[in-house]
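In what follows, a structure is listed as structure tokens, so that the remarks can point back to it.
Quick note on labels: first sequence line is chain A, next is B, and so on, each numbered from 1.
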Amino acid sequence: MKLKADRATLLKALAHIQSVAEKLNTIPILANVLIAVRDGQLSLTATDMEIAVVESLAAASTRNGATTAPAATLYEIVRKLPDGAEVELDHAGGDAQLTLRAGRYATSLVALPVEDFPAMTSGALPHRFRIAANELRGLIDRTKFAISTEETRYYLNGIYLHAADGDTGRVLRSVATDGHRLARVEVALPAGAEGMPGVIVPRKTVNEVRKLLEEASGEIEIALADTRIQFTIGSVTLTSKLIDGTFPEYERVIPAGNDKVLRVGKKDFADAVARVSAISSERSKPVKLSLARDLLVISASSPEQGNATEELDADHVKYDFGPLEIGFQARYLNDITDQIDGEVEFRFSDGAAPTVVRDAGDASALYVLMPMRV
Amino acid sequence: MPTLCRDCRHWQPGPPGTAACPACRGRRLLHHPELDRLTIAHIDCDAFYAAVEKRERPDLFDRPLIIGGGTRGVVTTACYIARLSGVRSAMPMFKALKACPDATVIAPNFPRYVAAAREMRALMRALTPLVQPLSIDEAVLDLDGTQALHGAPPASVLAGFALAVEARMGITVSIGLAANRLMAKLAAERDKPRGMCAIGSEAPALLATEPVGLLPGVGPALAARLARLGITVLGQLQRLDDRDAVSLLGPEGPGLVARSRGQDDRPVRPDRDARSISAETTFDGDIAELAVLEKNLWRMAEKLARRLQEAERAAAGVVLKLKSADFTQRTRHVRLAAPTRLPDRLFAAAATLLAREIDGTRFRLIGIGAQPLAPADQADRGDLVDTDAPRQRATQSAIDRLRARFGADVIGRGRGQ
């Protein structure tokens, strides 16, 4: 196998895939990237057995063949090569080492046999649709903070992606919850997504896809079956296993009757919560919201440090209901307000019941937050 | 040989000249050559539940009293008057009432016992900060270095504590005083009720003729194994050197031999340092099959849930402990999403860990522990997804109430059968 490629192109491809390769060397070959050349086309593959990422790029002066080499090392080397360098990879086959040359620099890396590199099971992906990159970013960004990291409820360790009936017709929805907060975001259902099964996309996959979306524009193709999902983002294809479990019936926990509405500017609110909660030494940083007509008092207390309060009055808040006191974790409030641009709308029932939070100017996202005792 | 009068706390540096205290004429004299040097105390309340109830009902003071379920239930605790008629804990109620027909039976009131235990612990903590509660009515105290503070040796301070508890709470205690936790516990058992016993350097001689089952941790399974080696009394264990101990009994041999000699170096850890609560069992035969291990694990999960309830704690994480036939120990830990004291949830967390350990290895012991601990009021509150928790908590407390009335076997979950 032999090829020449431009350093920048190769670096970008390695950056895309090297984070999937296993860093913990429990199975050594999973730390490697599969480098394959066929008819002028170079493909780089990394997998952790759950996710496989393949990037295809054009290469020059090629000789067909394939080998595997440590992904992290290769990435580090290519990263440190001078800008504009042409990189040559050469592998004679068999037990030979992989030689990398660039200008006067040369190195050889231990290669592991291609036959040992695990192939992700392939099979039909009957459901296919396209979605704009910025829409997919929105589905991910506004839900992924709520993904649970808890092992026992493994079915919460991802984003639940499914077709549903929204207020304005059929929608593609992503939902995540860790039991304390829930995020539900939707976009109009793309053509071809009707009839797709509801799937739980694992957290690591969500994070990898999000990284690939950073520089993506245009449309992303998503293909899926009951157990696998595939994202094609430009020249990169990411295939992932799905979480084998049943996502809870989340609609049941979204309160419908919360009628006490508070509207407050996002920046005013988020800044006040940050200032007030700074006093708390507890990890959960509890803050109390005390409401009266057109008045919101945010307060926190810490046994060691004392108290902090901040008032937001009629110039900043709209609230036309009776007095209410409710406590939340500051971090959970921040995670939600981070997703909101203009005005935040809270819908309360009482101080002990789940609260609904929305972006007053955007109906596509809805958040539910459990109160805590303060 | 110092002598202490347990009634007036009169201290004589020498042996008692007479059977009665020269100061108060009381006859409850305690003498031991090392009485002024022993610092570890094991305190056990006498018929605790019954004593608390008698405090509430002075009319029952001199009457036999049984705490337990109705006529179909079992005896939870019997007062010492009822015990004179042969009533014992865990005895079926109909038998107990046959033995002692005029006994009064009262259903247990756990919140009342918990409150009394808390009051008792506060009195203990006035003696030393090193108080480690072992159960609702038992604790071990380290009084080392407190002589200057109290102006009296630990033995005298403890005698004063027993009198104070009697006067203020109407509860009698039995105290074991020794150089370590093991001997203090055994000493407390030697003089019950309202007793106090000291054991010092005579411990090995005292233990030599006792059956091996006297040692905490030597259950029927281990006793049977020792019996097959011809070892029935502790004196035989005492004679083993470390090499023999390992070759005959495995890696745990030397520890067992040390205990047979009355040696124990476990420190007294005060309450807030108690990091875990656990339950474990050693099997009669080694077990490799998941289903059989799970059945034992379920029983231990139920036991752990009861202990958490008694200690007013919840599990924020669960530890699974396994010991294989060759005495290799495995412990696995998982943090829970939310604190629990429900046996189902304790079991589910441990069972997930257990399933990963099934590899044909034969195990001799399984245990489940709660670690870290969380306050009980944080347990099983439920969340957006877990809407069942409050209902499960209610079911469990109904089961607990039934068991308190009718005994542990009156109701079981399908899995426990």
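The distance from atom CZ of Arg381(B) to atom CZ of Arg373(A), rounded to the nearest 0.5 Å, is 4.0 Å. Taking CG of Asp386(B) as the reference point, atom CZ of Arg153(A) lies at 5.5 Å (rounded to 0.5 Å).
Annotation for Gly179(A) and Asp383(B): closest pair O-CB, 3.1 Å, computed over non-hydrogen atoms. Contact between Leu384(B) and Met370(A) at its shortest, heavy atoms only, is CG-CG, 3.5 Å.
Surrounding CG of Asp167(A) are at most 12 heavy atoms belonging to other residues, nucleotides or ligands under 6.0 Å away. Other residues, nucleotides and ligands place no more than 12 heavy atoms under 6.0 Å from the CD atom of Glu249(A). The number of heavy atoms from other shown groups lying within 6.0 Å of CG (Asp244(A)) does not exceed 12. More than 12 heavy atoms of other residues, nucleotides or ligands lie within 6.0 Å of CZ in Arg210(A), so this atom counts as buried by the packing criterion.
Annotation: side chain of Val253(A) is not in contact with side chain of Val385(B) (no heavy-atom distance under 4.5 Å).
At a 4.5 Å heavy-atom cutoff, Arg345(B) makes no contact with chain A through either its backbone or its side chain. Only the side chain of Leu156(A) has a heavy atom closer than 4.5 Å to any heavy atom of chain B.
Contacts between residues 324-332 of chain A and chain B, counted as heavy-atom pairs separated by less than 4.5 Å, involve no residue at all.
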